[in-house]
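Below is one structure; the comments refer to it alone.
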Amino acid sequence: MEMQNTKIYFKQGGDELVVGAGATLTLEAGSTLVGAAETASWDTMTGKPVVIAAGADKAAARAAIDAAVDTHDHAVVEDAASGLAAAADIQALAIALSTRIKALEDAAGG
């Protein structure tokens, strides 16, 4: 079989198929790739979040995650321009908003 694409071609002698830069090799359903395939390992994975990258293995990473300081408190900051009052957390905000809505509905006769 002769290919006319310059990005995908057989080397001289026809015993090696080259898929060049910018080309895509697609394996259709039912096909099999035979040969050495690079397998990622925990050590070779890149782009791991810092807390996960801190672990030498999965167990150590989980320990690092569990040891991480949780400083997120869900507090709502006051916004004077909109009349939004500060709240300790989302639940307190929901209660305050629900109370205000009910008061407005009651005042409007609804």
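- Rounding to the nearest 0.5 angstrom, the gap separating the OG1 atom in Thr99 from the CG atom in Leu104 is 11.0 Å.
- Here Val77 is tied to no hydrophobic group at all, with no ILVMFWY side chain closer than 4.5 Å.
- When the side-chain contact (heavy atoms from CB on, under 4.5 Å) test is applied to Ala75, the partners found at least two apart in sequence or on another chain are Asp73.
- Pairs of residues two or more places apart, or lying in two chains, that qualify as salt bridge (Lys or Arg N to Asp or Glu O under 4.0 Å) and include a residue from residues 13-24 are Lys11-Glu16.
- The shortest heavy-atom contact between Lys7 and Ala23 is CB-CB, 3.6 Å.
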Which atom pairs, one a donor and one an acceptor, fall under 3.5 Å between side chains of residues 89-97 and the rest of the protein, sequence neighbours left out?
| residue | atom | partner | partner atom | Å |
| --- | --- | --- | --- | --- |
| Asp89 | OD1 | Gln91 | N | 3.2 |
| Asp89 | OD1 | Ala92 | N | 2.8 |

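- With Ile8 as reference, Leu17 is the one residue of Thr24, Leu17, Val18 to meet the side-chain contact (heavy atoms from CB on, under 4.5 Å) rule.
- With sequence neighbours excluded, the residues that form a side chain to side chain donor-acceptor pair (under 3.5 Å) with Asp79 are Ser82.
- Under the rule for a side-chain contact (heavy atoms from CB on, under 4.5 Å), the partners of Leu27 that lie at least two apart in sequence or sit in another chain are Ser31, Leu33.
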